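Here's the structure, in structure tokens; my notes come after.
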Amino acid sequence: MKLADNKATLSFSNGSPSVDLPIYQGSIGPDVIDIRKLYAQTGMFTYDPGFLSTAATQSAITYIDGDKGELLYRGYPIEQLATQCDFLETCHLLLYGELPNEQAKKTFTRTVTIHTMVNEQMQFFLRGFRRDAHPMAIMTGLVGALSAFYHDSTDINNPEHREIAAIRLIAKMPTLVAMAYKYSAGQPYMYPKNALSYSGNFLHMMFATPCEDYKVSPVLERALDRIFILHADHEQNASTSTVRLCGSSGTNPFAAIAAGVACLWGPAHGGANEACLNMLEDIQRMGGVAKVGEFMNQVKDKNSGVRLMGFGHRVYKNYDPRAKLMQETCKEVLGELGLENDPLFKLAMALEKIALEDDYFVQRKLYPNVDFYSGIVQRAIGIPVSLFTAIFALARTVGWIAQLNEMIGDPEYKIGRPRQLFTGSLRRDVKPLAER
Ligand code: SDX
């Protein structure tokens with residue numbers, strides 16, 4: 001970042017001395033006012049719950065232009081990556097800053113492939129869960145438990161440890177998600193098959209059984225790989241900020257990623273794809289497209305507490321480019337599977353059309369986000385609704401790790417420790433029990 005020739009001057013109407021604050025510029029996007037010395041100079045904090053106007057860090061990984069609906073991973077538009085690259089090339093890009101050449105791609109793919117197995121002891125953690133446990137409850141436990149197996153890569157300040165931990169997490173997440181699924185289905189776990197692609201191997205571990213061979217469908221393999229690319233990273237979203245704050249204490253990468261998994265689970269964040277599909281199924285049960293108007297009235301009624309899940313975004317005030325690509329993937333997969341008339345897809349398209357013409361949504365700049373169509377395509381692939389957010393966590397692990405490693409590699413980083421505006425009781429003395 002570089003110092004701008006502009007500066008901010010903070011003046012106070014009560015005559016307190018004004019304060020000059022430096023402004024810094026990045027390579028693209030909004031400048032920042034550096035308030036690091038504000039408390040020392042004024043005795044006051046800034047106030048920004050939800051971080052609507054706060055840049056918590058500088059980063060060179062992902063750029064979002066919410067007004068244009070633009071998403072770049074290390075400068076490359078998501079539309080080009082999703083159609084011209086595969087997920088492991090995207091992982092290489094996010095982790096190391098460049099797309100791999102032929103040789104680098106072979107080496108990186110091989111390195112990830114040979115780390116896809118988990119320690120045999122990991123299977124015993126699942127036995128403690130009920131078979132109907134939510135997969136994200138299982139994933140929060142399993143990812144955190146990984147730190148018990150890799151004492152050789154938990155020193156976050158050691159670049160080699162950071163590198164091998166990144167590879168292990170990217171490689172093992174599909175195996176753990178597939179294990180969570182098999183456990184819920186009461187089926188035996190399937191070991192990874194190194195001859196398969198990253199996404200093909202995940203489909204194998206999910207849907208193969210020891211009883212017969214499983215043939216990976218190239219269409220589903222490609223669709224899943226694109227879903228992983230679209231979910232790989234997204235600037236300083238809630239779960240990434242959680243991973244950064246958790247990692248800033250110096251804890252090991254497995255624990256920090258487990259914190260990200262827990263945060264992603266929320267319906268306002270990664271849990272929205274599951275919530276969106278459940279919403280579509282509810283409307284379908286109520287009567288489908290004929291009931292969309294009634295449902296939209298509920299959404300627009302503040303007291304109903306009903307939201308159009310998969311719509312709206314803190315940053316995008318235009319169409320989420322990932323939603324467009326997800327809709328295209330939806331059409332391709334449904335077409336390949338002969339499900340063009342999938343009622344939920346038609347219902348989603350009807351909802352989107354109505355919302356984009358409705359003043360309530362237009363005024364608030366609410367558009368479909370990445371979660372609006374992702375559930376429909378995952379359901380078509382055969383993935384159960386409850387596993388959608390675990391798939392999101394699988395894909396986002398590379399973004400979390402890249403952002404965590406960027407933070408730890410930044411000599412300026414400190415442990416994150418926000419302050420507050422205190423509105424509670426002033427000092428008072430404890431009364432003896434008999435007098436309370
Ligand atoms: C993800 O940050 C990221 O990058 C996240 C993510 C990533 O890749 O990491 O992109 C992934 O989490 C996508 C978002 C998934 N969540 C949902 O689809 C859940 C539904 N959407 C929302 O709850 C909401 O839009 C958020 C949480 C996504 C954004 O919330 P904000 O920015 O805090 O906006 P807000 O709640 O203040 O809403 C602004 C207005 C409000 O109305 P008013 O009070 O101004 O009258 O818009 C309304 C809200 O009521 N609104 C909605 C709505 N989303 C916002 N009304 C109906 N349906 C919705 N979905």
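Note that the structure is predicted; figures quoted are calculated from it, not measured. Counting convention: from 1, in listed order, for ligands and their atoms alike.
- Partners of Asp342 under the side chain to side chain donor-acceptor pair (under 3.5 Å) rule, at least two apart in sequence or in another chain, are Arg379.
- Using a 4.0 Å cut-off to heavy atoms of Arg314, the atoms of ligand 1 that qualify are 29 (C), 31 (P), 32 (O), 33 (O).
- Judged by the shortest distance from any of its heavy atoms, Lys300 lies outside the 4.0 Å radius around the atoms of ligand 1.
- Heavy-atom separations between Gln236 and ligand 1 are all 4.0 Å or longer.
- Between Lys317 and ligand 1, no N or O atom pair is found at a separation short of 3.5 Å.
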### Task
Dump the intermediate steps for ring-ring contact (aromatic ring centres under 6.0 Å, His included) on Phe254 and Tyr150, then the final yes or no.
CA-CA 9 Å; Phe254 304 100; Tyr150 301 109; 5.6 Å; yes
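- Within the cation-pi definition used here (under 6.0 Å to the ring centroid, within 45° of the axis), Arg364 qualifies as a partner of Tyr360.
- Per-residue contacts place Arg396 under 4.0 angstrom from the following atoms of ligand 1 (heavy atoms of the residue considered): 7 (C), 8 (O), 9 (O).
- Using a 4.0 Å cut-off between heavy atoms, Val315 makes no contact with ligand 1 at all.
- With distances taken over non-hydrogen atoms, the option nearest atom 57 (C) of ligand 1 out of Asn369, Val299, Thr62 is Val299.
- In this structure, atom 1 (C) of ligand 1 has a protein heavy-atom contact shorter than 4.0 Å.
- Atom 23 (O) of ligand 1 is flagged as protein-proximal [any protein heavy atom, distance under 4.0 Å].
- Ligand 1 does not have Tyr316 within reach: every non-hydrogen atom of the residue lies 4.0 Å or more from it.
- By the 30° and 60° cut-offs, the orientation of the rings of Phe311 relative to Phe361 is perpendicular.
- At distances below 3.5 Å, at least one donor-acceptor pair connects side-chain atoms of Tyr198 with backbone N or O atoms of Ile170.
- By heavy-atom distance, the residue among Lys302, Met309, Lys365 lying nearest atom 44 (O) of ligand 1 is Lys302.
- Those atoms of ligand 1 that come under 4.0 Å of a heavy atom in Arg364, given as number and element, are 40 (C), 42 (O), 43 (P), 45 (O), 46 (O), 47 (O), 48 (C).
- A donor-acceptor contact under 3.5 angstrom links the side chains of Glu163 and Tyr96, judged on distance only.
- Listed by number with element, the atoms of ligand 1 under 4.0 Å from a non-hydrogen atom of Asn237 are 2 (O), 3 (C), 4 (O), 5 (C), 9 (O).
- In this structure, atom 36 (O) of ligand 1 has protein heavy atoms in its sub-4.0 angstrom surroundings.
- Proximity to Ala272 (heavy-atom distance under 4.0 Å) selects the following atoms of ligand 1: 15 (C), 16 (N), 17 (C), 18 (O).
- Checked against side chain to side chain donor-acceptor pair (under 3.5 Å), His134 has the following partners two or more places apart in sequence or in another chain: Glu274.
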